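Below is one structure, written out as structure tokens; the observations come after it.
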Amino acid sequence: MRRMVDRTFVAMTLAATLVILAMIAIILGNVVIHGRDRLSWEFLTAAPEQGMMAGGIFPAIYGTVLLVFLMSIVAVPFGVLVAIYFAEYARAESRLYRWTRMAVNNLAGVPSIVFGLFGLGFFIQTIGHGIDQVLYPGYLVYGQPSVLWAAMTMAVLTLPVVIITVEETMRAVPQEYREASLALGATRLQTILRVILPQAWSGVMTGAILAISRGAGEVAPVLFTGAAYFLPQLPTRANEQFMHLGYHIYAMSTQSPDVEATKPILYSTVFVLLVLTFLLNLTAILIRNRMRRWTTR
Amino acid sequence: MDDQIKISVKSANFFYGSQQALHEVNISIRRCFVTALIGPSGCGKSTFLRALNRMNDLIPGTRLEGRVELDGQDVYSSSMDVIQLRRRVGMIFQRSNPFPMSIYENVAYGPRVNGLMKNRAELDVTVEKTLRSAALWDEVKDRLARSAMSLSGGQQQRLCIARALAVEPEVLLMDEPASALDPISTAKVEELIYELKRTYTIVIVTHNMQQAARVSDETGFFLNGRLVEFAETKKLFTAPAKRETEDYITGRFG
Amino acid sequence: MKGNSRIGAENGVGKMESAPSRHADNTAADDPATEGQTPFSRPLFPPQSAVRNRIDRLGELFISAVAFVVIAIIFLIFIYVAREAAPLAWRTIDGISIWSPLQTPYTWQPVGGVPKFNILPLIVGTLKVTLIAMLLATPLALAAALYTAEFAPPSLREWIKPAVEVLAGIPSVVIGFFVLIVLASWLQDAFGFQFRLNALSAGIGLAFAVIPLIYTVSEDALTSVPKLYREASLALGASKPQTAVRVVLPAASPGIFAALVLGFGRAIGETMIVLLASGNASMLSLSPFVPVRTLSATIASELGEVVFGGGHYRVLFLIGVVLFLITSLLNWIGARYNRRLRQRLSGAA
């Protein structure tokens, strides 16, 4: 009797696991099956036509890559520097460290739509308008949504990801290495740059990739900070708006005059976005697993 | 000042926060001698060793009172360049800790960060010379580019010694350098210590009394954060002056 | 004494000559004192050391400065969102004051003859969707975490975790899209709902988003329980499932509570899924089968069309402040319980 109860219990937990895996398989399978049809070289390289009902999605891919690129060159170096500060300079038991660390952790759980509000209120209304008042009085140059401000907003959103990942790997580097290096007459900075950072490299890579994958997939923060439904031309300046894969999916799903007609294009766009974020996440997971094997050896 | 004295410690008291780990330690460590520090675990001998090159500075909330002098200069004075001090006073740790780099890079690390070498050729010479001094050259000369992690435990520890020698220190502090090694590797390290003493002042912490008797010229016995006795090694082991020392070396405790 | 034959002796002298005394003042000060007495001790401050120390100090200063600026921006997030909402506190803008969200009628209807800004329908909508999501996600995620941590063979385990993490990596807009285009129709066909998009469809979508979070955090909590506990229980004759339920689960309970709280926080703030899958109409109703509108979706769908600095604009920021505070509180509680778990287990092991 007891054996029966035990077995049933294990079977139920297994069933729950399978349900979750099945859900993933259904979503991915559905998108792959319907997304394949429309996929072609032309789809990836051409601009949308006839109100999104024909043509490709190149501007959205271009805009997403541009956004993620601008975001990473801000989020990664700054995130790494903050992580170095946390792991190597800040006193772990100090109140300052505990509070700031808590703020960073909290930030990782704040809804992304709030970051959108922040981007609008801080980058566009405050910084952008400030720049315009000083450099371009009477004109609207930086005080409006643009790829620059969307990227900055996304950078603030992904900063905690970078900080937390890099700090964790830096803390995982054994104290012995720091002592050995300092005992040889190296300065703290030399120790960090030559011994600690090279060993935490996988953490920097993982953090960067996770940030990029999040940046490519999130839509809420760019809703009001720079994404546009349709633009006739690719953005060439930092203060222009841009098209974005995720936003494109949202807009096509909700604002298209003929949903049935846009469906194939919509599915293929989803497919492209999924492949992009999936590959990024997979790389991050692989790097992390390999790193775990190194550190446990 | 006595020219024979390399390090002199005067009434040193050391604190971890409010807990006192060393009490009124006075000791004079002689130049080109091997000085062994023995005592039961937790007696403060490692703390004392790490006070000599200010490695304890890395632990927040620690504090030293009293005076530690290297060649007559106050190690804890505000004008002391800690970085430079640590270059002059090298350290070998209990667990061998080569960097996860190549054998060559491990030895070259110190000269590089200290800016001691002008070019690659000079660096090559130093690497070879120090690996020879650490009696490791013949074993590794064909695989300098291989990872230091590929070496055996004993080789790793000798690599760490070579790495420390490469920055031309004057003093070598060794914190139980052979405690994690097999007997053969231990013998090699002890042999090496014997060689090195011709040129370096060596302070070695060990829990192994035979080892202290074999390698050292003078020995200090620590108990509960106090230096109980400090004497010539032969004398300390054959005719200890203090009752506690005798109890310890005859194995009555510890 | 053979001190002069030491390895670096010649090197040392050579170096003194080769490094011209750019910092002569530094070296000279200590030279006479040591040089005379000890043939091998070199000056305390060789030239390059001073430069190196300066670089080291500059490096620390730079890193600390950057860290403080970044951390300041982090704190600014709340301040700037609050700042845009703040004017409502001391004046009425476009007939809207800070009390408008609490005034009757219980309707959120920002556009129309008489705009109405009662926040209750949005809060009820948010809670309704979140509750549905949690009811669906909690048993599934917990059971799966239990299976992975306690029952799965190790080889399988290594596959399940990354697979669930793949779900975490699916952008929420894609999940929203899937519910909107596919799942909602399946549900309507199966149950004959009056509205294709409703609180239930949004809740299911949201469950997709919180399952990986609850799963990961509680799986971590379960695996952090020391082996000792399990062995002790198994040695007493308990079976594996009994051990899991009676020993491991209670030991990990603070971490599991943390997982639920964090999942709840994530669900409350999630935007794109509810925006696409909820029908996005603010009706005050307790039925799970009618369309709803959540706090986050309201911001997302209305902010694009409001006048900058107007009353409606500021009310939306006020909602942002509320969201920020609620999720921060939940994150804080979650972190506290996770810390409690670690303390409990480190004290016991």
Side-chain angles (χ1 to χ4, degrees), chain A residues 84-101 166-206 287-297, chain B residues 17 46 49-50 52-61 81-101 105-116 130 147-149 156-157 159-175:
Chain A
I84 292 177
Y85 176 78
F86 277 166
E88 303 293 328
Y89 289 110
R91 287 251 171 117
E93 71 277 7
S94 71
R95 189 160 294 182
L96 179 77
Y97 172 76
R98 282 201 325 226
W99 277 84
T100 47
R101 197 61 183 62
V166 177
E167 191 197 343
E168 262 170 20
T169 37
M170 289 186 79
R171 283 194 185 277
V173 175
Q175 186 66 13
E176 302 164 8
Y177 291 131
R178 293 186 184 87
E179 294 199 339
S181 171
L182 292 172
L184 288 167
T187 63
R188 240 162 24 143
L189 190 65
Q190 284 177 320
T191 305
I192 293 167
L193 294 181
R194 285 170 178 252
V195 179
I196 312 294
L197 261 190
Q199 290 194 68
W201 199 239
S202 60
V204 177
M205 288 302 294
T206 321
I287 290 180
R288 206 187 48 201
N289 283 356
R290 179 177 280 191
M291 181 178 79
R292 231 177 242 166
R293 228 167 289 151
W294 277 335
T295 47
T296 50
R297 188 182 290 166
Chain B
S46 285
L49 193 76
R50 292 166 60 96
L52 298 182
N53 68 343
R54 289 180 64 173
M55 279 314 263
N56 286 329
D57 290 13
L58 302 181
I59 306 165
D81 180 344
V82 185
I83 303 302
Q84 207 52 30
L85 167 77
R86 294 195 185 126
R87 194 202 51 67
R88 291 173 64 199
V89 183
M91 191 159 206
I92 315 294
F93 298 84
Q94 184 170 0
R95 268 177 62 187
S96 58
N97 54 359
F99 298 129
M101 315 170 181
E105 288 301 321
N106 260 280
V107 183
Y109 179 82
R112 285 214 168 116
V113 296
N114 284 284
L116 297 180
T130 46
S147 163
M149 299 308 188
Q156 286 192 7
Q157 192 60 299
L159 178 66
C160 291
I161 295 176
R163 185 176 64 183
L165 296 181
V167 294
E168 303 164 18
E170 298 151 34
V171 180
L172 280 180
L173 307 177
M174 300 189 169
D175 191 355

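Keep in mind that the numbers below use all heavy atoms, side chains included, and drop hydrogens, waters and symmetry copies. None of these values were measured; they are calculated from a predicted model. Reminder, nothing fancy here: chain letters follow the sequence lines and each chain counts from 1.
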For B:N97, all residues meeting side-chain hydrogen bond (donor to acceptor under 3.5 Å, both in side chains), sequence neighbours excluded: B:R163
Within 6.0 angstrom of A:M205 CE, more than 12 heavy atoms from elsewhere: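 Check fails, neighbour count at 12 or below.
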B:R95 atom CZ: more than 12 heavy-atom contacts under 6.0 Å: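 Atom CZ in B:R95 is not packed in, count stays at 12 or less.
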Interface residues of residues 87-99 of chain A facing chain B - heavy atom cut-off under 4.5 Å: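 Expected list: A:R91, A:E93.
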Within residues 177-192 of chain A, residues adjacent to chain B where the heavy-atom gap is under 4.5 Å: A:Y177, A:E179, A:A180, A:S181, A:L182, A:A183, A:L184, A:G185, A:A186, A:T187, A:Q190, A:T191
Give, as side chain, backbone, both or neither, the part of [X] having an atom under 4.5 angstrom from any heavy atom of chain A.
X      : answer
B:P111 : neither
B:F99  : both
B:L58  : side chain

Options B:R50, B:M149, B:M101, ranked by heavy-atom pairs under 4.5 Å with chain A, top entry: B:R50
Listed partners of B:R54 passing side chain to side chain contact (heavy atoms under 4.5 Å, CB included), at least two apart: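 By the side chain to side chain contact (heavy atoms under 4.5 Å, CB included) rule, B:R54 matches B:D57, B:V75, B:Y76, B:M80, B:V82, B:L85, B:R86.
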